[in-house]
Amino acid sequence: MPAQIIDGKRIAQQIRSGLAQKILEMLAQGKTRPGLAVVLVGDNPASKLYVSMKQKACKEVGIYSEEHRLPAEVTQDQLLALIDELNGDPKIHGILVQLPLPAHLDEEEVIMRIHPDKDVDGFNPVNVGKMCIGSRAYLPCTPAGIMKLIDTINYDPAGKKAVVIGRSNIVGKPIAQLLLQRDATVTICHSKTKDLVAECRQADILVAAVGQPEMVKGDWVKPGAVVIDVGINRRDGKTVGDVEFDSVNEVAGWITPVPGGVGPMTIAMLLTNTVVAADK
Ligand code: GUN
């Protein structure tokens with residue numbers, strides 16, 4: 001029997017409708033319109049696409065958004081000066097610097113410069129630290145979106161074995177933390193993991209966040225598992241995930257499609273964080 005599809009597009013749309021309503025209520029109460037500043041350095045085509053999707057989503061729900069495009073050769077000081085300006089701008093409640101940055105820029109310093117209260121990406125070490133101790137924080141958008149998907153299917157991670165493939169700061173490490181906080185037993189796998197397939201086969205929850213097109217095959221998956229595919233890759237002119245959908249769909253209990261699974265949830269969580277920042 002094929003897996004049940006976790007329809008991230010539909011769930012994200014519901015969240016966006018709720019946010020649009022919430023913004024109307026905030027405005028009726030005399031509060032300021034939530035504002036997001038998106039900073040894009042250089043012209044990486046994927047980053048440009050993601051930024052335009054984020055801007056469009058802001059507009060749709062009623063968030064004020066502004067885009068700051070900087071040339072690839074911008075200096076660290078120029079970028080930091082822009083962040084300082086946005087930190088002090090009362091129209092702006094959230095600041096997002098699209099990653100990755102060109103190699104000559106110090107990503108860590110840039111992220112640390114964003115005021116933690118405006119860090120709607122949840123990447124500033126203050127928010128990462130708060131997340132790790134289970135304190136209130138802006139959660140990074142993709143992991144927060146994955147947890148929403150798991151909650152939507154009423155799946156309780158407590159006592160389950162979760163395997164995360166990938167150890168990035170944006171997805172792998174934070175999703176492992178969030179699953180741990182929900183009492184899953186979590187393993188993080190990476191390029192040096194000895195027997196990746198054996199690890200994956202034990203997973204009740206399998207999160208693939210490696211950026212390798214269709215790497216996870218049906219025979220890597222425990223029957224009935226929840227499979228979350230974070231990958232967005234191009235193969236033969238098609239967008240595919242890190243999971244080989246057709247073979248995994250035959251074994252898993254639930255699966256997120258690509259596109260239409262995790263991707264829309266990332267944007268919905270960014271909008272949520274921005275509204276929360278404005279409503280403080
Ligand atoms: N690059 C890939 N994913 C993300 C994200 O969630 N936020 C930012 N700022 N950059 C990214």
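As the structure lists them, so they are numbered: ligands from 1, and atoms in each ligand from 1.
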Inset, instruction - Using the test side-chain contact (heavy atoms from CB on, under 4.5 Å), find all partners of Asp7 that sit at least two apart in sequence or belong to another chain. - result: Lys9, Arg10

Inset, instruction - Using side-chain contact (heavy atoms from CB on, under 4.5 Å) as the criterion, list what pairs up with Ala268, not counting sequence neighbours. - result: Ala12, Ile15

Inset, instruction - Following the transitive rule for hydrophobic clusters with a side-chain heavy-atom cut-off under 4.5 Å over Ile, Leu, Val, Met, Phe, Trp and Tyr, establish whether Tyr138 and Leu86 coincide in one cluster. - result: no

Legend entry - Co-members of Val240 in a cluster of I, L, V, M, F, W and Y side chains, linked at under 4.5 Å: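 The other cluster members (ILVMFWY side chains, heavy atoms under 4.5 Å, direct or chained): none.
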
Inset, instruction - Please say which of Leu40, Ile83, Leu105, Leu70 ends up in a side-chain contact (heavy atoms from CB on, under 4.5 Å) with Val97. - result: Ile83

Legend entry - Criterion side-chain contact (heavy atoms from CB on, under 4.5 Å) on Phe123 and Ile114, from CA distance to verdict: CA-CA 9 Å; Phe123 292 166; Ile114 298 172; over 6 Å; no

What are the polar N/O contacts of ligand 1 with the protein below 3.5 Å, with distances?
from, atom 1, to, atom 2, distance (Å)
ligand 1, 1 (N), Gln98, NE2, 3.3
ligand 1, 1 (N), Leu99, O, 2.9
ligand 1, 7 (N), Asp121, OD1, 3.1
ligand 1, 7 (N), Asp121, OD2, 3.3
ligand 1, 9 (N), Val97, O, 2.8
ligand 1, 9 (N), Asp121, OD2, 2.6
ligand 1, 10 (N), Leu99, N, 3.0

